[in-house]
Each structure stands twice: as structure tokens, then as C-alpha cells.
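Residue numbers begin at 1 in each chain, while the letters A, B, ... track the order of the sequences.
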Amino acid sequence: MTQISQLPGAPLLEVSHVMKNYDGTRPALDDISFSIGKGEFVAVIGPSGAGKSTLLRCINRMIDVSDGEVRFEGVSVSQLNRRDLKKVRSKIGMIFQHYNLVERLTVIENVLHGRLGSKSTLSGALGRYSRDEKRQAMELISMLGLAEHVYQRCDRLSGGQKQRVGIARALVQDPKVILCDEPIASLDPNASKVIMEQLKRFSNEMHISLIVNLHQVDVALRYSDRILGVNKGRIVFDGRPSELSPERIAEIYGTELSAPRVRYAS
Amino acid sequence: MTNALDTMSGTDRPVGSMVASVSRLPARPLTKEKVVIRLLLSVLAVTTVYALAHLDDGGVNLLQAASDTLANLKIIFLHPGGPHLSFLKALYEVVITLGLAFLATLFGAFIALFLGLLGAQNLAPKPVTNVIKAFVAFVRAVPTILWVLIFAVTAGLGATAAVIGMTFHSVSYLTKAYSESFEDLDRSVIEALKASGANWWQIVFQAVIPSSSTYLLSWTFLRFEMNFANAVVMGAAAGASGVGFDLYMASGYYFDLREVGLITYLILAFAIILETIAIRMKNRIKDDQA
Ligand SMILES: Nc1ncnc2c1ncn2[C@@H]1O[C@H](COP(=O)(O)OP(=O)(O)O)[C@@H](O)[C@H]1O
Ligand SMILES: [Mg+2]
């Protein structure tokens, strides 16, 4: 895949006509198309079960699409063999609601895991990290304010600290895109603010594109450059935060938001 | 308030009568199984009584025999020592037994590490874990001594067959323990590492094994302790040398009770030491899981 260089002007990530059917009843994703440029901060909002997680997992092919195509740096992700898929995944970071760290290992060990995708199987399995890799990991850990926890086991950290380890693990990959699946859904407001601000900062400074699944509309409005509204597997809104009117929000959330209002009125 | 009390006592009565009617019900009807079990127990009781009544004691005076046994026990436990075996020599034999146990544990741990990975549901596909589970269950169903005898056909009765036989059981025990330790690492964590481009071997050696290393060590030591006891028995039963063999010779061949005493005390001492460490290991597993 390295032979095919990125076409000039081609978007970093291009999702076209993606369908995902888990079991054949109702598609989880229904004809999804959008593209994302370098450094863009995109929030994906929508009711639970709308297909937000499914969408993210199709991008790095943690699940296969049923139809349509995902192109990353101009290369169709669904065509890749195992080795090239590993390369593509190493350029796409991922952050999760439940952090998904190896809890019994230390902060630095977890952060260094982000380098495994860029190493050969053997040197990765043996954990032979170069001095540069270790220095980079340490720098990121300090930048995220975890300097005094470097050698602490992750199960001793608070939720917000764990999520910062998750961010460091993604950043150490040197990613072009970071996919964030409800990164603040388990955090209190203060920790949430810290995490969102750090994501915003890295997106700006390192020109990393972010796709962030969120269920708080106000957070999406405050931090993102662009919002995708998803309902029942379809994109029903794609625009700037300023364009997101209460009517459009009601449309994205369907009956979930409008139903209570009707009940209060009566 | 009184109303509420009234209704409460009102509802009380029917409940009470219901309980009474339940207790008046006859015990569950006799099932076929129950009949069979009762029949079997009666037959056993009758034969036991009959056998005791018609015991052929070969003219042994029971009282005399009992006091002789006590005297022998006194020699064994109060006057240990022996002409054939110095204390140092006995200690050396214990070390050989420890060596047998160590070898069996080492081989077992090495094989079980790989089988354990294939048997962990978060690391291997379901058909593979099922095959591993079936294999482990099969090996465990056959007693250690039978495995030793099977391998004695090719290796001859002795240390080699004993170690191979004990290795078999260690593999089955440790495979189960290891794969359960590996399964402690959530599937979602493994997914996260896969998403960043790490592959199976990297995930196994950088995440799965390091995060369960405490458990692995503890389980391995627990097995070593069990293997020590097994190795004593194998020394006697399979001629696998070590202190078990000396115990067998002293008790069955020289009939040297003082030597039996010496060996028993030595084995006991080592067993207690190993058991103490093993208990600590068990607590460590429990603490970490809590
Ligand atoms: N592994 C799966 N197997 C079958 N159905 C799934 C699976 N994951 C998600 N779904 C279904 O797909 C739809 C979208 O789910 P998801 O992407 O998790 O939504 P969201 O993240 O927006 O809450 C839901 O109806 C859900 O039940
Ligand atoms: Mg979701």
C-alpha cells in the first residue's frame, strides 16, 4: 500500500456509501458517506443505538463493512491484507469510554503499547522499544500531566487519569486520525472538560483529525469544527456547530427528545 | 394504623395455614434413584455385619496386635535414624525428589503456557478452546500413576517415566489455571490493542502474559508443591529414586522402622515449608483479585 501515495487534494479519510448489517434485520449503518480533512475535529452525535460505535469500528476495520468503501489516505481499507491493515491501523488511534487499558500494568507500559503497531512482530513481542520511543512516551505522559504516575499501575488511577493514559497511548502512535468512542461518558464534568480540552489542543497542535462520538450536544457544540448527526444508521445532519438549530437536534434525536416535551406540555 | 395492622394480621392467617398444609404434605414420592440407593445401602450394611462376624483373624490376638502397632509407631516417631541412611544422605534423596518435581513442573509449565493461550476464550477461537478443554479434561481423568505406567512401556519404570507422567497432569492442571488467568484481561482491551495495529503475538507477550505474571507464578508454585507429594509416591510406586524409593525400601525391604521415621520427618518438614509458601501464593492470588 506504500506504493500508492496519497493523491494531492484527496481527503484524509473518505467514507462512501457504507452499509453495515449485523444480522439482516435493520442495517446498523445505512448508506453513510462523508469525508474528513487533515486536522478536522468532527463530533458524531445521535441517540444510543444510532450506529455511532459501528461507524468508528468500520473505519479501522475492527468490523467489516457490508457494502461501500472506506478510503484512508486514498487507499481502500477493505482490500488490505493483514500486514497493510496493521500499517493503516498504526496510523489511526482509538480512545474508548472504558479506557481499555491493561489495568495491572504501569502507565508507561500502557503508553508504549501504542508503538506495537509500528514494530515488527518479533521486536514488538519482545518489547524492544527504542530510546526515541521511550522518550516520546515520557514526553506525552508529562504533557498530559501524568509525570508523577509514570510507574504506577493503571488500576490505581482515577477515571480521568486513565483516559489521559488512553490519549497518550493513541498519540504515541503518531496517528493521522484518532477515533474517540464516547471518551467522556464515564467521567465527571471536571475530568470531562480536561479531556476535551486536551483532545482539542492535540488536534490543533499536531494536526490530527478527530472523530469523537458524543452524547452531550453541548460538548459537541463547544469543541467541534463540524458535527455529524446520526439517526438509525443514517446521517441526518452534516454541518458546522452554528448550523445546528434546536429543530435539527430534535430531528437527530428523533422521538427521544421531542417525546418528553410533548408530555410536559399536556 | 390499626386498619393496617388488621389487614396485616388478616393476611397472616392464610399464609400460616398454607405453611402448615405444606408441612403436612408427604415427603417427595420415592423416585427410582432413591429406591436403588436405599437397596444398595441395605445390602452393604448386611454384608458388612456378616463379614465382621465371620472374620478369619488367622489366630492373631487383636489386643496383642494393637499394642505391637503402637510400639512400632513409637519407634518410628520417637527414635528416628537408621543404619542405612545418614541424615545427610536422606537430605540428598529429598533434593532428588524435589528435582523430579521441579522437572515435571518446568516441562508442564512450558507446555501449559502455549495450551493456556489457545484455551483462553479472549485469545483463541471457540473451536480451538473447546479442543483444548476436552484434551485437558481427558488427561486429568486418567490418574498420574496410570500415565507413568503407560510411559514405562517405552521409557522403562523409573525417573523418566515418572517425570513424563507427572508432566502430563501438570500440563492439564496448569493449562486450566493459566487460561483462566489470561481470560482476566478483558476482550475489549485486546480489541483496543488490535485497533492500534498490534498483532496476536505482540498482544500476548506485551499485555496478556505480563498482566497475569503474578498468577502464573503462583499457580506454578502450587503445582510444584503438589508435584513434590506426587514425586514421593512415584519414588516408591515407579522406582523413580529419591526419598520415596528409600521410604519404600526401608518399610518394605529392610523393615527398618527407625529409618521410616527419619524419612517421614524429613518429608513432613519439606511439605510444611512448601505448603507455607503455597498458602502465601494463594493469598496473593485472592488479594489481587479482590
Ligand atoms: N456486535 C453486534 N452484533 C449485532 N448487532 C450489533 C452489534 N453491535 C451493535 N449492534 C447493533 O447495531 C446498532 C448500532 O449500535 P452502535 O453502533 O453500538 O450504536 P451507538 O454506538 O450509536 O449507541 C444497534 O441497534 C445495536 O444493537
Ligand atoms: Mg456506542
Practice item. Hey, can you tell me if B:Trp201 and B:Phe205 have their rings parallel, tilted or perpendicular (30° and 60° cut-offs)? Key: parallel
**Study point:** Euclidean distance, B:Asn122 CG relative to B:Ser179 OG, rounded to 0.5 Å
**Key:** 9.5 Å
Check your understanding: With only heavy atoms counted, which part of A:Arg115 is less than 4.5 Å from chain B, the side chain, the backbone, both or neither?
Key -> neither
Check your understanding: Which atoms of A:Ser120 come close to chain B, meaning under 4.5 Å heavy atom to heavy atom: side chain ones, backbone ones, both, or neither?
Key -> backbone
Practice item. Could you check whether the rings of B:Phe151 and B:Phe168 sit parallel, tilted or perpendicular, using 30° and 60° as the cut-offs? Key: tilted
Check your understanding: Among A:Glu103, A:Met94, A:Arg57, A:His113, which has the most heavy-atom pairs under 4.5 Å with chain B?
Key -> A:His113
Exercise for review: Considering only heavy atoms and a distance below 4.5 Å, find which of B:Ala195, B:Ala198, B:Ala207 pairs most often with chain A.
Suggested key: B:Ala195
Review point. Tell me, side chain or backbone of A:Ile92 under 4.5 Å from chain B's heavy atoms, or both, or neither?
Key: backbone
Point to revise | chain A contact via B:Asn199 - side chain, backbone, both or neither, heavy atoms under 4.5 Å | key: both
Practice item. Could you tell me whether B:Lys176 atom NZ has more than 12 heavy atoms of other residues or ligands within 6.0 Å of it? Key: no
**Study point:** Residue selection (most heavy-atom pairs with chain B, distance under 4.5 Å) from A:Val102, A:Leu126, A:Leu179, A:Ile95
**Key:** A:Val102
Practice item. Would you mind checking if A:Arg135 and A:Glu133 are paired as a salt bridge, meaning a charged N to carboxylate O distance below 4.0 Å? Key: no
Review point. Should B:Asp184 and A:Arg104 count as an ion pair when the cut-off is N to O under 4.0 Å?
Key: yes
